[in-house]
Amino acid sequence: MSRTFWLNFVILCLIFEDYGRGKELIALNEDCMCTDVCKEDNKELLGQGTWRLLHSMVEHVERTKDNEQLFQNFIQSLQYLYPCKECRNHLKKMPLDSIEMTPLWLCEFHNKVNVRLKKKPYDCSTFKQVVSHFSE
């Protein structure tokens, strides 16, 4: 299988691991074995883990042409592989044709989701537009 597939697989495993830890913290004394990620509390934890992962990728992964392409593939794959069906359907309706592995792009993308969820948007003005040049 392709390198992109395995990278996406590993990243989704990390999201689930983070999601699981957060769920344990909330339900310390509960015996619920529910795995429905679309229940409201679970969906919030899944989203927080996803945003933490995406922002960490943009901040800490070197921006090369290959990594930029992998990041674009990963973001696009979420509309098919994201664990929450409702969120997948929302992603399918979003334009995902100008993805950039930059803090500014991710902030603006995050704000599109926040607006849809009626949450307060972040101030993206602190991010400078990154010129499309890559480290080799």
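Since this is a predicted model, take the numbers as computed values, not measurements. Values below: every heavy atom of this structure, side chains too, minus hydrogens, waters and symmetry copies.
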Please walk me through it: do Tyr82 and Leu46 pass side chain to side chain contact (heavy atoms under 4.5 Å, CB included)? CA-CA 10 Å; Tyr82 200 71; Leu46 180 62; 3.3 Å; yes

Tightest non-hydrogen contact, residues Lys43 and Cys87, listed as CD-SG, 3.9 Å

Is the backbone N or O of [Y] less than 3.5 Å from a side-chain atom of [X], with the two atoms forming a donor-acceptor pair by type?
X	Y	value
Asn111	Tyr122	yes
Asn67	Glu62	yes
Gln76	Leu96	yes

Please report the interatomic distance [atom1]([X]) to [atom2]([Y]), rounded to the nearest 0.5 Å.
X	Y	atom1	atom2	answer
Thr102	Glu68	OG1	CD	7.5 Å
Leu104	Thr126	CG	OG1	8.5 Å
Phe71	Glu100	CZ	CD	10.0 Å
Asp97	Ile99	CG	CD1	8.0 Å
Leu53	Gln48	CG	CD	13.5 Å
Phe109	Leu54	CZ	CG	7.5 Å

Q) Is any NZ, NE, NH1 or NH2 atom of the basic residue among Arg116 and Glu86 found under 4.0 Å from an Asp or Glu carboxylate oxygen of the other? A) no

Practice problem: Give the intermediate values and the outcome of side chain to side chain contact (heavy atoms under 4.5 Å, CB included) for residues Val113 and Met94. | Solution: CA-CA 9 Å; Val113 174; Met94 294 180 75; 4.3 Å; yes

| field | Exercise: do Ser125 and Asp123 side chains pair donor with acceptor under 3.5 Å | value | yes

Linked, directly or transitively: Leu91 and Val115 (ILVMFWY side chains, under 4.5 Å):
no

* Would you sort out whether Gln69 and Lys65 count as a side chain to side chain contact (heavy atoms under 4.5 Å, CB included), showing the intermediate values? => CA-CA 6 Å; Gln69 185 61 55; Lys65 288 182 182 181; over 6 Å; no

For this session: Look at the aromatic rings of His55 and Trp51 and report parallel, tilted or perpendicular, splitting at 30° and 60°.
Result: tilted

